[in-house]
**Student:** 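Just dropping this structure here.
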Amino acid sequence: MTKVLPAAAQPKTLRSVLSGEAMRAQVALALPRHLKDNAEKYTRQMLTLMNLNPDIGKCDQGSVLGALMTASALGLELAPSLQQCYVIPRYSKKSGTMQAHFQLGYRGMIALARRSGEIKDLRAMAVCDGDEFSVDFGPGGSIVHRPLIRGRRGAAYCYYAFALLTNGGLVFDIMSREDMEAHAQAYSESYAGKYRSLSPWASDFDEMAKKTMLRRIWKLLPLSTEVLKAEAQDDGVKVAPDDIHVESEMLDLPASAPAALLPEDNYPTEAEILPPETEGHTEETAEPVDETPRSDENGAV
């Protein structure tokens with residue numbers, strides 16, 4: 001005889017948890033003060049992500065909720081089109097379950113860095129054949145980059161990131177396409193192995209390269225300790241609200257915090273979320289592999 005549990009005793013589905021008042025209250029506690037009224041929007045964004053990528057719904061509930069709480073605590077939007085942060089499902093051999101990983105997008109990195117109040121401008125760019133480009137690493141340093149406007153730009157041959165500080169200082173770094181290829185080969189197991197076609201370096205090389213460049217100058221910037229903590233959350237798995245910083249450690253952001261817009265860049269749509277052609281489709285969702293074989297500066301494997 002089959003025993004039917006009463007409704008109150010039946011385990012809650014992830015969707016029901018995300019739709020519940022208790023979850024919205026938890027999100028509201030984590031959100032920065034000026035975003036307190038947006039708790040429902042954040043839970044709705046996670047539900048939308050589950051519709052876009054059903055593998056997220058297969059992940060351990062605690063890891064999905066933890067990714068939501070991390071995004072909320074940092075005041076970063078989960079909408080893929082904004083490319084501030086992502087929720088990446090990966091299979092874990094250790095636990096035998098799918099785990100949801102929180103991952104910073106490079107637009108999110110820019111938004112967080114701007115909140116320090118010490119950075120006037122921050123960008124990561126690709127230099128293409130046909131562009132006018134020169135760089136001077138001498139005293140004072142300078143970069144001149146004039147993209148080709150008329151005609152078709154060629155392939156990217158180098159990448160750079162720069163930060164213009166409010167005190168007039170300039171921080172920048174540059175890598176050639178060849179050096180970036182070597183970086184991907186050295187630190188991305190999938191890019192160097194049989195799952196190369198599923199690697200985000202294969203599907204969105206330029207975007208991964210730009211994030212790598214931001215990482216290279218990140219530690220040279222006058223960032224707050226809160227922003228540095230945010231970087232530590234990148235590509236992590238949180239399994240309970242207790243793993244998330246309490247509000248006293250949250251970033252208290254002004255309502256007028258500027259959006260980070262990079263007008264020259266061409267961003268992919270739904271990057272890192274939708275399989276198979278975007279970054280969200282990693283080898284772990286295609287065939288079970290170890291969750292952390294090696295990772296590059298971007299947290300991609």
Side-chain angles (χ1 to χ4, degrees), residues 14-15 18-19 23-53 56-57 59 63-89 100-116 119 122-124 200 204 207 210-211 214 223-224 226-227 229-238 241 244-245 247 249-263 265-274 278-280 298-299:
L14 180 57
R15 288 184 181 277
L18 288 170
S19 302
M23 191 67 238
R24 282 196 287 272
Q26 288 281 351
V27 171
L29 287 173
L31 283 168
R33 289 186 180 88
H34 76 285
L35 296 175
K36 292 295 184 186
D37 295 334
N38 291 352
E40 184 176 356
K41 181 180 76 171
Y42 274 76
T43 55
R44 188 168 62 247
Q45 285 179 348
M46 182 61 81
L47 289 168
T48 300
L49 290 183
M50 290 171 61
N51 291 332
L52 292 173
N53 188 349
I56 294 177
C59 291
S63 68
V64 176
L65 300 179
L68 170 60
M69 295 294 288
T70 300
S72 303
L74 299 177
L76 297 177
E77 300 254 1
L78 284 164
S81 58
L82 297 179
Q83 299 177 348
Q84 291 190 346
C85 62
Y86 309 99
V87 178
I88 310 298
H101 288 239
F102 172 85
Q103 190 172 93
L104 276 173
Y106 76 86
R107 275 191 170 183
M109 293 178 69
I110 291 172
L112 289 171
R114 282 176 179 264
R115 294 172 187 172
S116 71
I119 297 172
L122 176 65
R123 306 190 193 189
D204 293 292
E207 307 311 308
K210 291 172 187 175
K211 188 176 178 184
L214 285 175
L223 302 175
S224 65
E226 289 86 355
V227 174
K229 287 179 182 178
E231 185 191 21
Q233 309 283 355
D234 193 17
D235 203 41
V237 176
K238 304 291 180 291
I244 311 301
H245 302 306
E247 182 166 356
E249 297 172 311
M250 290 302 98
L251 299 170
D252 188 11
L253 312 180
S256 59
L261 300 178
L262 305 183
D265 289 340
N266 297 314
Y267 298 105
T269 303
E270 315 296 340
E272 296 184 68
I273 285 294
L274 297 177
T278 58
E279 287 187 50
N298 299 322

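Please read these numbers as outputs of a predicted model, since none were measured by experiment. Hydrogens, waters and symmetry mates are skipped; everything else that's a heavy atom, side chains included, is used.
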**Student:** Quick one: OG1 on T43 to CD on Q26, what's the gap to the nearest 0.5 Å?
**Tutor:**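 Here the interatomic distance stands at 12.5 Å.
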
**Student:** Find out whether T48 and L78 are in side-chain contact, i.e. whether some heavy atom of one side chain is under 4.5 Å from a heavy atom of the other.
**Tutor:**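 Result no, sub-4.5 Å side-chain heavy-atom pair not found.
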
**Student:** Can you give me the closest heavy-atom contact between S19 and R24, atom names plus distance?
**Tutor:**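 That would be O-NH1, 3.0 Å.
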
**Student:** What residues, two or more places apart in sequence or in another chain, satisfy side chain to side chain donor-acceptor pair (under 3.5 Å) together with R15?
**Tutor:**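 R15 satisfies side chain to side chain donor-acceptor pair (under 3.5 Å) with N51 once adjacent residues are dropped.
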
**Student:** Which pair of non-hydrogen atoms, one from L31 and one from S72, has the smallest distance, and what is that distance?
**Tutor:**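 Taking L31 first and S72 second, the nearest heavy atoms are CD2-O, 3.4 Å.
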
**Student:** How many angstroms lie between CZ in R107 and SG in C85, if you round to the nearest 0.5 Å?
**Tutor:**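 Going from the CZ atom of R107 to the SG atom of C85 covers 13.0 Å.
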
**Student:** From N53 CG over to Y86 OH, what is the distance, rounded to the nearest 0.5 angstrom?
**Tutor:**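 The CG atom of N53 sits 13.5 Å away from the OH atom of Y86.
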
**Student:** L18: which residues meet the side-chain contact (heavy atoms from CB on, under 4.5 Å) condition with it, sequence neighbours left out?
**Tutor:**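 Residues passing side-chain contact (heavy atoms from CB on, under 4.5 Å) with L18: L14, M23, M46, L47, M50, L65, L68.
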
**Student:** Which atom pair, heavy atoms only, marks the closest approach of G75 to Y42?
**Tutor:**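 Nearest pair, atom of G75 first, then Y42: C-OH, 3.5 Å.
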
**Student:** Shortest non-hydrogen contact from A100 to S63?
**Tutor:**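 Closest pair (atom of A100, atom of S63, distance): N-OG, 2.9 Å.
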
**Student:** So, using side chain to side chain donor-acceptor pair (under 3.5 Å) as the criterion, who are the partners of E77 when residues are at least two apart?
**Tutor:**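 Expected list: K41, Q45.
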
**Student:** If you round to the nearest 0.5 Å, how far is CG of L74 from CZ of R115?
**Tutor:**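 One gets 7.5 Å once the value is rounded to the nearest 0.5 Å.
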
**Student:** Give the C-alpha distance, both sets of side-chain angles, the deciding distance and a yes or no for side chain to side chain contact (heavy atoms under 4.5 Å, CB included) between V87 and H101.
**Tutor:** CA-CA 6 Å; V87 178; H101 288 239; over 6 Å; no

**Student:** As an exercise, state the distance from CZ of R123 to CG of L214, rounded to the nearest 0.5 Å.
**Tutor:**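 R123 atom CZ to L214 atom CG measures 12.0 Å (nearest 0.5 Å).
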
